[in-house]
Each structure stands twice: as C-alpha cells, then as structure tokens.
Number of protein chains: 2
Amino acid sequence: MSQTVGRALSILEFLADEPRSLGQIADHLSVHKSTASRLLQTVEAQGFVRRDDRHIYRLGPRLLNLAFRTLAAMDVRVAAAPHLRRLGELTAQTVHLGVLDGGEVTYIDKHEGSQSVRMYSRIGKAAPLHCTGVAKAILAFRPDDERRVLAERIAYTPFTKRTITTPAAFLGELERIRTRGFAVDDREHEDFIHCVAAPIRSPEGEVSHGLSISTTTMSLSRKQLLELAPLLLETAATIEKELG
Amino acid sequence: MSQTVGRALSILEFLADEPRSLGQIADHLSVHKSTASRLLQTVEAQGFVRRDDRHIYRLGPRLLNLAFRTLAAMDVRVAAAPHLRRLGELTAQTVHLGVLDGGEVTYIDKHEGSQSVRMYSRIGKAAPLHCTGVAKAILAFRPDDERRVLAERIAYTPFTKRTITTPAAFLGELERIRTRGFAVDDREHEDFIHCVAAPIRSPEGEVSHGLSISTTTMSLSRKQLLELAPLLLETAATIEKELG
DNA sequence: CCCGACCGTTGCACATGTTGCAATGGCCAT
DNA sequence: ATGGCCATTGCAACATGTGCAACGGTCGGG
C-alpha cells in the first residue's frame, strides 16, 4: 500500500464537493504544507486538479475526462441509454441503470423525466443492496451461493421504518422478486420514494445490471407504479436483445 | 513533483479506455510487476480501480463518484441543465455547455437531441480554442489582453480546410463574434459539423461559459443554423438571469 | 499426472524519493 | 513601512518505495 498515492487520492476526495486552499488540504492530510504543495503540483500537472489565481484548488477536467471515457466504454450503458431516455419520457419519472461490481451496486446512468424530483441517487454513487429496487433486482438473479454470501455481508442500515433489516427477510424478498420477475422498493430507502426495478441479462444469461423507475408516493400511487412494470420489463428485454 | 503519485495517475489514464492486466500496466509504467501490483493495491483500496476474478483491472466507481460530485457542484452547469435539455428538445440537435479554465475550454454538459449524431465532444474533453463554437464564444468576450495572450499561445492545428490557422485571423474572428454577439463554427473543427454558440455572463459580467448548438451540414443548412441564433441567445440570457 | 511457463503476491534489503524545516518572496491589511 | 499570512523551494535526514528472489496458483502440452 502506497502512502504517497493514498495521500494524493485523498486530496481528490477532499476536493470533490468544494474547492479548498493549500492549508486546508495540508490539515486534512495531517502533513506539512510543503508536502501537500508538492503533491498538488503533481496532481495539477496531470490535470486532475486546477487552482485559481487565489490559490484555491478544485478538481480539474482530467477526472471528468476519465469518468466519461469509462462510461463510454460500458457496453450495457451505451446500449441502454436511449431506452432509459425513452422510459423517462414515457413515464415522466426518474430512471436508473445500476451495475453490480465488487459486491456493491453503483448507479451508472440516470435519466430524469419531466416530473422527476431530487433524490439520493447520482451516477457513481452506491445503491444500498438491501433497500434499493435496482440492487434488489440484480441480486435476486445472481447465483444462489452468491446471494447467500452477499446477504450475510450486508450491513442492514435501517434507512426508513420499512427497511429490511435481516438476512432472512432479505433472502425472502429476493425469492419474491425471482418469482415476480421484478423488484419493488416500497419506501425502504427513502421515505416517500418508491420504485420498480428489473434485471438485465447479459448474452450469457448473467445478471449484473438493473433498470429502475423511481418516483415519489405523491406522484404515483403504488398501484400506478406497479402498472409501469410491464413497460419496464419490456424495456429491459429490448436492451437484452440489443446486447446480443 | 511526486514520482509515485505520477505513476498512480498514469495507471488511471491507462485504464480509462480499456481494462488491462498487471503485466500490461507494469510495462506501460516501465516498472517491475511487484511495484505495479502495490500501486494497484492502493488505487483499488480507495475504489479508483477494480479488478475482476481474472485479475483484469479497470477504473472503479470512485472516479465516477468524484466526477459527478464535481459536476453537481458547478453552479452554472446546474442552472443551465434544464435549459440545455429544452434547447436540445426544441432543436433536436446536440447542445453543449463549455467552461474556460486554465487556458482551455472543457465540455461540462451535453444534451443530444433526437436528431443528433455522434461527434467529437464528450464531457471532460477539451474543446480546441481556435475552431469550436463554444470556445470562440467564450474567448471573444474575455478581457482584451487575455484574448491577445491566448491567441498567441494556441497551437493552430488545422483540423479541416476551413480551420483558422493564425493569431491574426483568430483575433479577427473574435472581433466579428463580439460584434455579432454569437459565434459560428463553420466546419472548422470537423468536416460536416457546424454550430452556433453564445457566451454566458456571470453575475459579475464575466464570461467563462458558453452554450452551443451543433449539428451536421446535412441536417441543417447554414441558413437554418443561423436561424437558431435568437433562441440560443435567449436561452443564454435566461441562464444568466438565473445565475443572479 | 507431471512439467514448464506464466501469472500475481510477498519478504527483504537498500537506494532513492519523500518529508519537514528553514528561508524566501509575494500579498494584504493596518 | 511593518507584520502576518500565504505558498514555494533548497537541503539533508530518513522513511518509504523499489526490484529481486522466492513462492504458490493456474493452465496447457506431452
């Protein structure tokens, strides 16, 4: 494990939400300012950080460049993008695409329909496995032994009164999803937000991706939300067909 | 300048377009595999890199997370997003938002209308100063001395037969833009692509951002493209108003 | 099944790259 | 003009990163 690299990456993290001065960065790293200055010179030279004329540092365009190149290289995301958009337009709600990777599910695309509202999700953000539609939809169709291992490893943070909090309850929910063919998050992650989500199978029949429609309980009743399931499943099937 | 940090960042760059093996990464860095392995352990532990069960490395979700947090913290981008979208819907073409930063213009938002086609631009990518509409629109409204300095510093790569290739011609073009109030890229960067672009002023009256509509010469004639200028300028003005 | 080739990882010693200190120069407010 | 704060740079000490060698795992061929 490289201490110096860890420090540089911590700088990137620290600058993600807000620009900072050298002093703030040095304090954050618990290093001398001269050390922080040299680290910043390196990350700045490679475009990962920019500083303005008042010596305030913020993340630079290189990071955006890498991130969007990565997104552009994701086959499933590329194939799914026009369908997400169409789904968002048809439903006017927020549509997500998530991927299971290294034991967590990450949002890799999002389309906000005309009536969508602000919610937790953002591209690059982890979707908690036990209480988000997209994560549940993916996990339900993973191999048995993997489902069991993951269920034991989850920290069952209760986000709302309705959040699933035990491995047994979670595995039961995954069984219901397998039977039904799609997942429902019924205010388990955020109060007033519910969603339906479907798995997307790869050409090899493996499920690593999921597609969801999220909305507020004020916008759509549970009944209305469930009425979107056929469209959702059809969209997932269309994406699967395009994947080959 | 930190050598070790530079190596780690080079790894991130190397993995942006394609997953790689440890050996490929070590070769790329010209270091021993054990050194590369340890560097990778660090960037992996912080989520910047992921590896699969066949020991193939690729960029991880942390980078996406940072990139989208950065985008969410850009006031102008946030304010402009719904307007970009509306403009894309109204025109059916590709709409861009760029920002001048550290002597280069970077695309920070993009909306593809229903008739848009693939083109060079991507969020995070630099827009060449001398031949893209959005960059020219920004530079035209920078302070005099800055315009002059930047014009001298540009490497006038001739992307097409129509690309501006001298500082004098470039400064003349910027004068025309100042007079007209908006910029035109007439196949100067990509054959068959033309666009109109407008500056976006900050509340302090400073121009660091620009908005453009890009399309193919097959989709819209020059005349039709120019007919979009009023809508473009009106959209820029609306964004400016929202910025306060 | 055995062997060889290739892979990635880890302990080790040591070379070198990183670090904090002190000095310097710049900027701003009094 | 002065003092305080800032960031940067030269220096030398030393902590950490490095390559080597050994190891264990996997795969393909005989």
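The chains referred to below are lettered A, B, ... by the order of the sequence lines, with proteins before strands, and numbering in each begins at 1. When reading the values below, keep in mind they use all heavy atoms of this one structure, side chains included, and skip hydrogens, waters and symmetry mates.
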message = Let me spell it out: for each of A/Arg51 and B/Thr4, pick the nucleotide of DNA chain D with the closest heavy atom. Which residue's pick is nearer the 5' end?
response = A/Arg51
request  = Can you pull out how bent the helix from C/dC1-D/dG30 to C/dT30-D/dA1 is, comparing the axes over its first five and last five pairs, to 10°?
outcome  = 40°
request  = Could you tell me whether the phosphate oxygens of C/dT18, OP1 or OP2, come under 4.0 Å of any side-chain nitrogen or oxygen in B/Ser2?
outcome  =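 Affirmative; the distance criterion is met.
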query = Within the pair B/Ser37 and C/dT9, is there a side-chain N or O less than 4.0 Å away from OP1 or OP2?
reply = yes
request  = Anything under 30° is parallel, anything over 60° is perpendicular, the rest tilted; go ahead and classify A/Tyr107 against A/His96.
outcome  = tilted
query = Once the angle between the rings of B/Phe68 and A/Phe68 is folded into 0 to 90°, is it parallel (under 30°), tilted (30 to 60°) or perpendicular (over 60°)?
reply =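 Rings of B/Phe68 and A/Phe68: tilted, as their planes differ by 30° to 60°.
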message = Closer than 4.0 angstrom, basic N to acidic O: yes or no for A/Asp145 and A/Arg148?
response =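 So A/Asp145 does not pair with A/Arg148 through a salt bridge.
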Using atom [atom1] of [X] as one end and atom [atom2] of [N] as the other, report the distance to the nearest whole Å.
{"X": "A/Arg38", "N": "C/dG20", "atom1": "CZ", "atom2": "P", "value": "9 Å"}
{"X": "B/Glu44", "N": "C/dG8", "atom1": "CD", "atom2": "C1'", "value": "12 Å"}
{"X": "B/Leu29", "N": "C/dG8", "atom1": "CG", "atom2": "C1'", "value": "16 Å"}

key: B/Ser208 and B/Arg142: side chain donor to acceptor below 3.5 Å   = yes
message = For a quick check, tell me whether the side chain of B/Ser21 and the base of C/dC7 share a donor-acceptor pair closer than 3.5 Å.
response =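 No.
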5' to 3' contact window, DNA chain D with chain B (heavy-atom distance under 4.0 Å) = D/dG17 to D/dC20
request  = Establish, for the pair B/Lys125 and B/Tyr120, whether the NZ or CZ atom is under 6.0 angstrom from the six-membered ring centre and no further than 45 degrees off its axis.
outcome  =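 Yes.
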request  = Answer with base, sugar-phosphate or nothing: what part of the nucleic acid does A/Arg54 contact at a heavy-atom distance below 4.0 Å?
outcome  = nothing
